[in-house]
Structures are given as structure tokens and as C-alpha cells.
Amino acid sequence: MVKANRSAMALIFPNIYDGLVPELTSERLMASIPFGGRYRMIDFILSSMVNSGIDNVSILVRENYFSLIDHLGSGREWDLARKNGGLTIFPPFAQNTISISNGRVEGIESILGFIKNQKEKYVVISDTNIAYNIDFAKIIDEHIKNGADVTVLYSKTDIPQAAKDAIDTSKGLYYTFDLNDDSTINKISINSKDDGVQNLSMNIYVIERELLIEKIQDAYVNGGKYFERDILIPHLDELKIVAREYDGYIARVYDMVSYFNENMKLLDDENLDALFGKNPVYTKIRDDNPTRYIAGAKSANTLVADGCIIEGEVENSILFRGVKVGKGAIVKNCILMQDTVIEAGAKVDHVITDKKVTISAEKEVKGTDTFPVYISKRTTI
């Protein structure tokens, strides 16, 4: 780990996009969705932060957070098991007259007492539906150099069709920007349906802690819920809000198809190196044995985690820890999560299995690239 950067703390919202992949979030939240063979979505965010020296990280959960707590534990794998700062997980906040917080404004307001007691000057805010490997120290340095009140990260891309299809205008699913010549934002659009390349927000923000406290208090008193709609948009003329383009590798999850595709992209060495090559990505240690390939096994273009046992054929697939592929079984174009068992003679193609799924001997399950079949946790077929 690098030396701690005492100037910044982090706030992570792990539930914001749960509704986009209800199949995967019925028993977990977006942050703990398995990704890339042995990781969870939150591993990329946490690793980027600690690699940048941010060692005070708070996670504001809403629901289905037991899997996240099990995964993160004390934060030891990310060097966040500390007496001062470190990892803090805030449970859902609610009172008799107030429901569990929905937006970032309500969530942050519920822990304002905690934020006021921190010593860091800046706050980094992030969601967890994007996998990336970012140097936040550089982002914070540019924020200071630009004299910005708020720095917003974005990427130039087409709006994913899945995002357009899932629009909920009452909440704001995604945000696009119009920029001045100096990269300051002059317009923020909510759920734009425009075609072509857009300045699409990554929902990563850098803001001074005292300014965040002030704006959250003002917005909450006036009934505000959402950071972008109720803080940024009303103050575009008052605040210097600078957009910073991120041109590194990112993987956005907006639905099951995008989840499938973003995983499959990692079978390309160029994409794998782009996501993992800059700085290490940390995750929970399981202490499995190395993967075993039994005599007669075949494997081509696969990403295989530790603890797997392969007797059959695997092609163009991602296998998480502890997966077993029986003799004569054929696995093609699949994502098999932890401890999945494909018994002898079974055939699976374009299938996503959740944890501890069993495909019985001689069974055949087949999806397509536009409609991968998902099999829920602990199911036996």
C-alpha cells in the first residue's frame, strides 16, 4: 500500500443501482456482485482508493448488505483495519417518520455528525456499478489546481441502451454534461435520450468536506434527496463544477447483458491488462488450492480462479473460485460463480450461474449472447 493521503476521505454508495440487475441483487447489493473471476464490484473502487492513499472509507448501505459485510470483514485485505479511519460500514438510517434513505443527500445527512468529526479536507464520493482502476491522488491534485468546488469524473461514450430502457425520471439514472471551454459544467441533463457520444457521468465526485456539509444541510432542509438534482444543478452558476474526463478502462453494469459482456471482455488480454495492469486490485482471501486440470481436460480462452477442478472442456468462459467441471462436460461462453458444479456430461452455453449452483449430469442449458440464461444461487438443475 502507498502512504496514506490524509487530505481525503471517501463515501461509497453500494445500493444505488441494485434495481438494474434484480436477478443478481435479490440477496446482495451491487457492490458485492461477483466480477472478473474472483472479485466483487466494490473491490475495484476500494483498491483504487487505498492505492491512492485514501484510508478513511465509509460505506452507506441500505439493504441486502450481509454479503458485503461477509466479504469486507474488518477491511484487512485492503489495509483498512485501523484504529483511526479505516473502513466504516453504516447500517440503514430510518426513524418512525422517515423511511430508509433513498438518495445521496438523505444518506449523507444521516451521518453528518460523523463527517463533521473527520479531519480530511476533501471527500471522494462514488457508486459501485462501475469497475475501474483510478489514481484518485491525481484527481484530487487536479481538483486543487483547478480551484474547483466540485470535480466530476465522466467518460465519452454512447448512452448504453440498457440505461435508456431502465429510465426512472423520478430518481435520475444517469447524467450527461454540457461543458464550457475550460471544462466547467454549464448544463446537467438527467436521463438524456440523445444519440451519439455523450459526456456521461461516472458518478464520482470530489468536494471539500466543509462545502459538502453546508450543501447537504441546505438541500435536506429543503426536501432534497439527490446529489445531482438537488445540489449540483441548482448551483451551476454559483459553484465552480469542473468535469474531468477519464479515458482509462471502465466496465459499466446496467443490466444482465452488460454484466455478461463486461465480464467476457476480460478474456481479451488487452482489456484485462487495462483494468488490472496499473495497480493491484485486492479482494477477500479464500486460501484455495491451485486449479487442477485432470487428464483429458481441455481449456481455451478461459479466465479461471483458484480452487477449480476441471475434467471436461471449457472454452471462452470465466470460472470463479471452487468451480468443478465434470468428465465429459462442455462449458462454452459461460460465467460460473463460486462453487458451481457442472456434473459429468452436462452441456452449458451462454449461461450465468450464481454461487453453489449444480447442473446435473447429462443436462443441457443454453442461452444466447443477447439473452444469457441466469441460474439463481443454490439451484440444482
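Atom set for the values below is all heavy atoms of this structure, side chains included, hydrogens, waters and symmetry mates excluded.
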A.B. asks: Crowded around Lys327 NZ? As in, over 12 foreign heavy atoms under 6.0 Å?
C.D. replies: no

A.B. asks: Would you say the side-chain atoms of Ser47 pair up with the backbone N or O of Asp43, donor to acceptor, closer than 3.5 Å?
C.D. replies: yes

A.B. asks: Glu120 and Asn56: side chain to side chain donor-acceptor pair (under 3.5 Å), yes or no, with the steps?
C.D. replies: CA-CA 9 Å; Glu120 289 80 7; Asn56 185 355; 3.3 Å; yes

A.B. asks: Do Ile89 and Leu72 have side-chain heavy atoms sitting under 4.5 Å apart?
C.D. replies: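 Yes, their side chains come closer than 4.5 Å.
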
A.B. asks: For the backbone of Glu270 and the side chain of Asp268, can you confirm whether one donor and one acceptor N or O come within less than 3.5 Å of each other?
C.D. replies: yes

A.B. asks: Any side-chain donor paired with an acceptor under 3.5 Å for Tyr249 and Asn133?
C.D. replies: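 No pair is found: no donor N or O on one side chain lies under 3.5 Å from an acceptor on the other.
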
A.B. asks: Can you find a heavy atom in the side chain of Phe13 that is under 4.5 Å from one in the side chain of Ile125?
C.D. replies: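 They are in side-chain contact.
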
A.B. asks: Would you indicate whether the side-chain heavy atoms of Leu46 and Tyr282 approach each other to under 4.5 Å?
C.D. replies: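 Contact flag for Tyr282/Leu46 side chains = no.
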
A.B. asks: Within the side chain of Asn222, is there an N or O that forms a donor-acceptor pair under 3.5 Å with the backbone of Gly224?
C.D. replies: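 Answer holds: no.
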
A.B. asks: If only side-chain N and O atoms count, and only distance matters, is there a donor-acceptor pair under 3.5 Å linking Asp178 with Asn186?
C.D. replies: no

A.B. asks: If you measure from the Lys or Arg side-chain nitrogens to the Asp or Glu carboxylate oxygens, is any gap between Glu142 and Lys145 under 4.0 Å?
C.D. replies: no

A.B. asks: Is Ser32 reaching over with its side chain to a backbone N or O of Arg28, donor-acceptor style, under 3.5 angstrom?
C.D. replies: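 Checked: no pair found.
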
A.B. asks: Main chain of Lys366, side chain of His350: is a donor-acceptor contact present, judged purely on distance under 3.5 Å?
C.D. replies: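 No: the side chain of His350 does not pair with the backbone of Lys366.
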
A.B. asks: Would you call Leu336 and Val331 a side-chain contact if the rule is heavy atoms closer than 4.5 Å?
C.D. replies: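 Touching, per the 4.5 Å side-chain cut-off.
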
A.B. asks: Whether the Arg252 and Thr157 side chains hold a donor-acceptor pair (N or O, under 3.5 Å, no angle test) is what I'd like checked.
C.D. replies: no

A.B. asks: Are side-chain heavy atoms of Val257 and Thr370 found at a separation under 4.5 Å?
C.D. replies: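 Side-chain contact under 4.5 Å: no.
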
A.B. asks: Please determine whether side chain to side chain contact (heavy atoms under 4.5 Å, CB included) holds for the pair Ile33 and Phe35, giving the CA-CA distance in whole Å, both sets of side-chain angles, and the decisive distance to 0.1 Å.
C.D. replies: CA-CA 6 Å; Ile33 290 177; Phe35 188 86; 5.6 Å; no

A.B. asks: Would Asn333 and Asp369 count as a side chain to side chain contact (heavy atoms under 4.5 Å, CB included) if you check the C-alpha gap in whole Å, the side-chain angles of each, and the deciding distance to 0.1 Å?
C.D. replies: CA-CA 8 Å; Asn333 310 305; Asp369 55 351; over 6 Å; no

A.B. asks: Quick one: does any side-chain atom of Asp349 pair with a main-chain N or O of Cys334 as donor and acceptor, under 3.5 Å?
C.D. replies: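 Checked: no pair found.
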
A.B. asks: Tyr254 vs Tyr17 aromatic rings, parallel, tilted or perpendicular, using cut-offs 30° and 60°?
C.D. replies: perpendicular

A.B. asks: Using the rule given for side chain to side chain donor-acceptor pair (under 3.5 Å), can you reason through Tyr132 versus Ser126, listing the C-alpha separation, both sets of side-chain angles and the distance that settles it, and then say yes or no?
C.D. replies: CA-CA 11 Å; Tyr132 52 71; Ser126 176; 3.0 Å; yes

A.B. asks: Give me the ring orientation class for Tyr39 and Phe44: parallel if the planes are under 30° apart, tilted from 30 to 60°, perpendicular past 60°.
C.D. replies: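 Because their plane-to-plane angle lies in the 30° to 60° range, the rings of Tyr39 and Phe44 count as tilted.
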
A.B. asks: Under 30°, 30 to 60°, or over 60°: which ring-plane class applies to Tyr154 and Phe177, parallel, tilted or perpendicular?
C.D. replies: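 Perpendicular.
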
A.B. asks: Check the orientation of Phe114 and Phe90. Use parallel for under 30°, tilted for 30 to 60°, and perpendicular for over 60°.
C.D. replies: perpendicular

A.B. asks: I'd like to know if the side chain of His71 and the backbone of Ser67 have a donor-acceptor N/O pair within less than 3.5 Å.
C.D. replies: no

A.B. asks: Given side chains that start at C-beta, do those of Tyr374 and Asp354 come closer than 4.5 Å, heavy atoms only?
C.D. replies: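 Heavy-atom side-chain distance check passes, below 4.5 Å.
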
A.B. asks: Can you confirm whether more than 12 heavy atoms, excluding those of Arg292, are under 6.0 Å from its CZ atom?
C.D. replies: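 No, CZ of Arg292 has 12 or fewer neighbouring heavy atoms, counting only those of other groups under 6.0 Å.
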
A.B. asks: Looking at Asp127 and Arg104, does any basic side-chain N land under 4.0 Å from a carboxylate oxygen?
C.D. replies: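 Arg104 and Asp127: salt-bridged.
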
A.B. asks: Would you indicate whether the side-chain heavy atoms of Ile115 and Ile213 approach each other to under 4.5 Å?
C.D. replies: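 Yes, side chains in contact.
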
A.B. asks: Between Asn64 and Glu27, is any side-chain donor less than 3.5 angstrom from a side-chain acceptor?
C.D. replies: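 No pair is found: no donor N or O on one side chain lies under 3.5 Å from an acceptor on the other.
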
A.B. asks: Does Asp255 use its side chain to pair, donor to acceptor, with the backbone of Ser258 at less than 3.5 Å?
C.D. replies: yes

A.B. asks: Start with the C-alpha gap between Glu311 and Tyr293, add the side-chain angles, then the distance that decides, and say whether side chain to side chain donor-acceptor pair (under 3.5 Å) holds.
C.D. replies: CA-CA 6 Å; Glu311 297 183 79; Tyr293 294 87; over 6 Å; no

A.B. asks: Please check if the number of heavy atoms outside Phe371 that lie under 6.0 Å from its CZ is greater than 12.
C.D. replies: no

A.B. asks: Would you say the side-chain atoms of Ser48 pair up with the backbone N or O of Ile134, donor to acceptor, closer than 3.5 Å?
C.D. replies: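 Present.
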
A.B. asks: Of Asp288, Asp306, Asp287, which meets salt bridge (charged side-chain N to carboxylate O under 4.0 Å, His left out) against Arg321?
C.D. replies: Asp306

A.B. asks: So for atom CG, which belongs to Asp182, do other residues, nucleotides or ligands contribute more than 12 heavy atoms lying within a distance under 6.0 Å?
C.D. replies: yes

A.B. asks: Treating Ile, Leu, Val, Met, Phe, Trp and Tyr as nodes and any side-chain heavy-atom pair under 4.5 angstrom as an edge, say whether Met256 and Phe320 lie in one connected cluster.
C.D. replies: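 Yes, same cluster.
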
A.B. asks: Please determine whether the number of non-hydrogen atoms from other residues, nucleotides or ligands lying under 6.0 Å from atom NZ of Lys138 exceeds 12.
C.D. replies: no

A.B. asks: Can you check whether Met30's main-chain N or O pairs, donor with acceptor, with Thr128's side chain at less than 3.5 Å?
C.D. replies: no

A.B. asks: Do Ile190 and Tyr226 touch side chain to side chain, with heavy atoms closer than 4.5 Å?
C.D. replies: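 In short, these two side chains do not touch, never coming nearer than 4.5 Å.
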
A.B. asks: Do other residues, nucleotides or ligands put more than 12 heavy atoms under 6.0 Å from the CD atom of Glu238?
C.D. replies: yes

